[in-house]
Amino acid sequence: MPIDQPQPTATTAGARAHARAQEQAAHDGGFPHRPTVPAAAADVPGDVVWAEQVAPGGYAHRVLAAGAAIQLTDLDGDACASLLLYNADMPWERLNVADTVKVQWQVYTATGQLLLSDQARVLATVTGDTSGRHDTMYGTSAQARNEQRYGDGSPEGPCPAGRELFVLGASKHGLGRRDVPPSISFFQGVRIDADGRPEWLGSAGPGATVTLRTELPVIVLIANAAHPLDPRTAYTSSPLRITAWRDRVTAPTDDLWDATPEGRRAFENTADYRKGRGLPA
């Protein structure tokens, strides 16, 4: 626009019209990473507290109470849900993927896995899994790597890096780049072969789900970005659905509580923390 012509945002009315046009463009698909809110699922067994559909290359964040169920759904078969969890009351306590796999003697995620913090407490439990294709070893993508592979890795660009999306989500909760640790990824599988090399498995296909149960009040950060080991030359990602509802925490009467001695100790630490903070048992 020539500089001698008035700018469309030069007046309050013009700025308002411009902003509302941008919002409509997002609804029409002009902003590919905008989250959308799906209708509440009829088959959810409790009060829905979070329902969101995360676009390819998008992110989501929420604070949830202890005893919430979170179901992630890979709608079209190319989602990659990288997850971070923080203690909502003390966010310096956060998901420790290394301890999660080391303490439980298992690097591969499945139903029954406990997502442990760096304080040996259970932040969440995997209560359901129809995918079986996950990764606890390679984290999420970085901007420099995406720039090298795809030509861009910025969060507002066409090929967002997962770490940059996490930084945006973390900032909404007073956290910074240094507060983003290694993450766990769902729906894109990696295995280690007999020679110690990573083997890319990809997804289990459309409709796969993972269900988690929060054991403490948590900040949830999710980045839906292409996995760093995805061998496809094009940046590949598809929508992710998140549905959360009120459930309950794991109790000593649950089979999972005593499934392993390591898990029992982690649950005891968690219950002790909840009791001291006056949270529901």
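Every heavy atom of this structure was used, including side-chain atoms; hydrogens, water molecules and symmetry mates were not. These numbers were taken from a predicted model, which means no experiment stands behind them.
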Check whether any side-chain N or O of [X] sits under 3.5 Å from a backbone N or O of [Y] as a donor-acceptor pair, and report yes or no.
{"X": "Asn96", "Y": "Ala98", "result": "yes"}
{"X": "Asp195", "Y": "Arg197", "result": "no"}
{"X": "Tyr235", "Y": "Pro160", "result": "yes"}
{"X": "Thr270", "Y": "Arg121", "result": "no"}
{"X": "Asp74", "Y": "Ala208", "result": "no"}
{"X": "Gln53", "Y": "Pro239", "result": "no"}

- Item | side-chain hydrogen bond (donor to acceptor under 3.5 Å, both in side chains) between Asp152 and Ser154, intermediate numbers included | CA-CA 6 Å; Asp152 187 81; Ser154 60; 3.1 Å; yes
- Message: Walk me through whether Ser203 and Gln188 qualify under side-chain hydrogen bond (donor to acceptor under 3.5 Å, both in side chains).
- Response: CA-CA 5 Å; Ser203 79; Gln188 298 295 331; 4.5 Å; no
Do the side chains of [Y] and [X] get nearer than 4.5 Å, heavy atoms only?
{"X": "Val180", "Y": "Leu84", "value": "yes"}
{"X": "Met137", "Y": "Tyr108", "value": "yes"}
{"X": "Phe186", "Y": "His134", "value": "yes"}
{"X": "Ile70", "Y": "Ile242", "value": "yes"}
{"X": "Trp245", "Y": "Val49", "value": "no"}
{"X": "Gln71", "Y": "Val210", "value": "no"}

- Atom CG of Asp193 with >12 non-hydrogen neighbours under 6.0 angstrom: yes
- Message: Would you say CZ of Arg149 has more than 12 non-hydrogen atoms from neighbouring residues, nucleotides or ligands within 6.0 angstrom?
- Response: yes
Any ion pair linking [Y] and [X] (charged N to carboxylate O, less than 4.0 Å)?
{"X": "Asp76", "Y": "Arg241", "answer": "no"}
{"X": "Arg232", "Y": "Asp78", "answer": "yes"}
{"X": "Lys275", "Y": "Asp272", "answer": "no"}
{"X": "Arg248", "Y": "Glu215", "answer": "no"}

- Can you say whether the rings of Phe267 and Trp257 are parallel (under 30°), tilted (30 to 60°) or perpendicular (over 60°)? parallel
- Item | salt bridge (charged side-chain N to carboxylate O under 4.0 Å, His left out) assessment of Arg94 paired with Asp179 | CA-CA 9 Å; Arg94 56 201 55 170; Asp179 298 306; 3.4 Å; yes
